[in-house]
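First listed ligand is number 1; within each ligand, the first listed atom is number 1.
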Amino acid sequence: RRGAALLVQVITFGDGRRMIISRDVTQIEKLETMRRDFVANVSHELRTPLTVVSGFIETVLDGLEDVPHEELQRYLTMAHEQAARMQRLIQDLLVLSALETGAPQPVEDVFDVAGLVREVARETEALSAGRHQVTVTAADACRIQGSAKELHSAFANLASNAIRYTPSGGKVELRWRVLDSGAGEFCVSDNGIGVAPEHIPRLTERFYRVDRGRSRETGGTGLGLAIVKHVLTRHQAELKVTSEPGTGSCFCAVLPARRVIPVAAR
Ligand code: ADP
């Protein structure tokens, strides 16, 4: 097979007979490459803000008496922003690692989905700070079986992306509905910058960003959709993305029917 990695062992017995053992280690090699890339990415992501912070500290220490108060204030504000960026990254890494190393099954709460959607909407409005028109439609009253904490984090990640990738004055809509199949669908649509089709399949990879600069500017860690994907997989749910550059995006989390309990059936 082209591109396959094989580990071949030759054992020679005393009577001269030989045994050849060949093992396909393609998957192991692939995992090892992914692990190496991940460590390199994390180191890079931490090194950049750390360099900025230590640069500021050095500058201030070098000329403490001469630095005007306003300039000092400016340096400290920038250093604070970089420290916050490192904190966000570490927080997201801890969330990812907890999802990967924790129990394979999510905690099974049963909770009201409309309440969760309204809570996410309040957080989204706070994040937007009046720069976007945020609307909520959660018409189908029902309960969900799954981890409220994990699904909250997944839904909130999708909503915060919509805010971060939609210029001021844009619209962000959060919507929950039960499909005819009984599956439940939480969608976030925006009329923001959108994503070109070739990027869509890779968006949930850790640290994959269409525009690194824009992601950083808006406080992104590059791990949000990786977290979303993990949470949804643990709930046997799917992420569906439709998007068009310059027009906007729609990110939907589709939960299987067996996790959706319509109110009437209670
Ligand atoms: P980030 O912290 O960079 O936002 P994510 O994992 O949340 O990381 O998203 C990965 C990339 O997907 C983003 O960098 C961005 O390019 C793209 N993306 C995610 N959501 C949207 C959206 N609503 N509109 C446009 N692009 C998006």
Side-chain angles (χ1 to χ4, degrees), residues 34 37-38 40-42 44-49 81-100 117 120-121 123-125 127-128 131-136 150-175 185-234 237-254:
M34 274 170 68
D37 286 353
F38 182 63
N41 273 325
V42 171
H44 178 77
E45 295 290 332
L46 283 172
R47 194 179 54 185
T48 315
E81 275 165 17
Q82 296 300 321
R85 191 173 133 194
M86 286 188 274
Q87 265 169 345
R88 274 196 305 274
L89 177 63
I90 288 167
Q91 176 59 27
D92 277 358
L93 285 170
L94 287 173
V95 171
L96 257 188
S97 134
L99 286 170
E100 281 172 356
V117 173
V120 172
E123 290 163 10
T124 311
E125 273 166 351
L127 190 68
S128 157
R131 287 174 295 126
H132 307 84
Q133 188 188 329
V134 180
T135 54
V136 193
E150 289 182 18
L151 288 169
H152 182 160
S153 122
F155 291 5
N157 258 306
L158 295 179
S160 86
N161 278 353
I163 294 290
R164 292 172 39 240
Y165 296 104
T166 302
S168 292
K171 288 185 191 159
V172 170
E173 188 195 355
L174 314 188
R175 185 164 44 97
E185 188 185 67
F186 171 76
C187 294
V188 181
S189 26
D190 64 57
N191 61 353
I193 62 171
V195 184
E198 66 270 24
H199 294 289
I200 293 180
R202 299 197 59 190
L203 295 183
T204 56
E205 285 175 25
R206 297 154 169 190
F207 297 115
Y208 188 85
R209 291 134 153 162
V210 176
D211 176 348
R212 190 165 284 271
R214 173 143 197 153
S215 158
R216 288 240 174 88
E217 257 171 51
T218 59
T221 61
L223 295 174
L225 290 180
I227 293 175
V228 171
K229 173 85 184 165
H230 253 291
V231 168
L232 295 186
T233 305
R234 280 160 67 79
E238 254 187 281
L239 180 67
K240 293 200 169 147
V241 185
T242 45
S243 188
E244 209 180 305
T247 304
S249 313
C250 182
F251 285 73
C252 291
V254 186

J.: What part of Arg214 sits under 4.0 Å from ligand 1 if we count only heavy atoms: the side chain, the backbone, both or neither?
T.: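 It is neither; nothing of Arg214 touches ligand 1.
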J.: What donor-acceptor contacts under 3.5 angstrom involve side-chain atoms of residues 199-206, with partners at least two apart or in another chain?
T.:
from: His199; atom 1: ND1; to: Tyr208; atom 2: OH; distance (Å): 2.7
from: Arg202; atom 1: NE; to: Glu205; atom 2: OE1; distance (Å): 3.2
from: Arg202; atom 1: NE; to: Glu205; atom 2: OE2; distance (Å): 3.0
from: Arg202; atom 1: NH2; to: Glu205; atom 2: OE1; distance (Å): 2.9
from: Arg206; atom 1: NH2; to: Glu100; atom 2: OE1; distance (Å): 3.1
from: Arg206; atom 1: NH2; to: Glu100; atom 2: OE2; distance (Å): 2.3

J.: Heavy-atom contact under 4.0 Å between Gly222 and ligand 1?
T.: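 True for this residue.
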J.: For Phe207 and ligand 1, answer yes if some heavy atom of the residue is under 4.0 Å from a ligand atom, otherwise no.
T.: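 It does not; every heavy atom stays at 4.0 Å or beyond.
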J.: Answer yes or no: does an N/O atom from Gly194 fall short of 3.5 Å to an N/O atom of ligand 1?
T.: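 No, since none of the N or O atoms of Gly194 sits under 3.5 Å from an N or O of ligand 1.
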J.: Closer than 3.5 angstrom, by distance alone: can the side chain of Arg164 be matched with the main-chain N or O of Thr218 as a donor-acceptor pair?
T.: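 Checking the backbone N and O of Thr218 against the side chain of Arg164, a donor-acceptor pair under 3.5 Å is found.
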J.: Are the side chain of Asp190 and the backbone of Ser249 linked by a donor-acceptor contact shorter than 3.5 Å?
T.: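 Yes; judged by distance alone, with no hydrogens or angles, the pair exists.
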J.: Which atoms of ligand 1 sit under 4.0 Å from any heavy atom of Ser215?
T.: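 Reading through ligand 1 atom by atom, the close ones are 1 (P), 2 (O), 3 (O), 14 (O).
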J.: Would one find an N or O of Val210, backbone or side chain, under 3.5 Å from an N or O of ligand 1?
T.: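 Val210 vs ligand 1: N/O contact under 3.5 Å present.
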J.: Heavy-atom contacts under 4.0 Å between Tyr208 and ligand 1: side chain, backbone, both, or neither?
T.: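 Answer for Tyr208: backbone.
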J.: Answer side chain, backbone, both or neither: which part of Val195 comes under 4.0 Å from ligand 1, heavy atoms only.
T.: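 For Val195, only side-chain atoms sit under 4.0 Å from ligand 1.
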J.: Polar-atom distance check: Asn161 versus ligand 1, any N or O pair below 3.5 Å?
T.: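 N/O-N/O distance under 3.5 Å: yes.
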J.: Heavy-atom pairs closer than 4.0 Å: do any link ligand 1 to the side chain of Asp190, the backbone, both, or neither?
T.: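 The answer is the side chain.
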J.: Checking a contact table here: which protein heavy atom is nearest atom 27 (C) of ligand 1, and how many Å away?
T.: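 Answer for atom 27 (C) of ligand 1: Tyr165 CD1, 3.6 Å.
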J.: Just so I know, are the side chains of Ile227 and Ser153 near enough to count as touching, which here means a heavy-atom distance under 4.5 Å?
T.: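 In short, these two side chains touch, coming nearer than 4.5 Å.
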J.: Hey, does Arg164 sit under 4.0 Å from ligand 1 if you only count heavy atoms?
T.: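 It does; at least one heavy atom falls under 4.0 Å.
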J.: Could you tell me, atom by atom, which parts of ligand 1 come under 4.0 Å of a heavy atom of Thr221?
T.: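 Checking each atom against Thr221, I get 2 (O).
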J.: Between atom CG of Leu46 and atom CZ of Arg85, what is the distance when rounded to the nearest 0.5 Å?
T.: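 If we round to the nearest 0.5 Å, Leu46:CG and Arg85:CZ are 9.0 Å apart.
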J.: Looking at Cys187 and Cys252, is the distance between their SG atoms under 2.5 Å?
T.: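 Cys252 pairs with Cys187 as a disulfide (SG atoms under 2.5 Å apart), so yes.
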J.: Could you measure the distance from the NE2 atom of His132 to the CD atom of Glu173? Nearest 0.5 Å is fine.
T.: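 Taking NE2 in His132 and CD in Glu173, the distance rounds to 14.5 Å.
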J.: Which of the atoms in ligand 1, numbered in the order shown and given with their element, are less than 4.0 Å from a heavy-atom of Gly224?
T.: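 Near Gly224, meaning under 4.0 Å from one of its heavy atoms, ligand 1 has 5 (P), 6 (O), 7 (O).
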J.: Scan the side chains in residues 87-99 for donor-acceptor partners under 3.5 Å anywhere in the protein, sequence neighbours excluded, and list what turns up.
T.:
from: Arg88; atom 1: NE; to: Gly219; atom 2: O; distance (Å): 3.0
from: Asp92; atom 1: OD2; to: Thr221; atom 2: OG1; distance (Å): 2.6

J.: Which option, Leu203, Leu158, Val228, owns the non-hydrogen atom nearest atom 12 (O) of ligand 1?
T.: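 Closest candidate by heavy-atom distance is Leu203.
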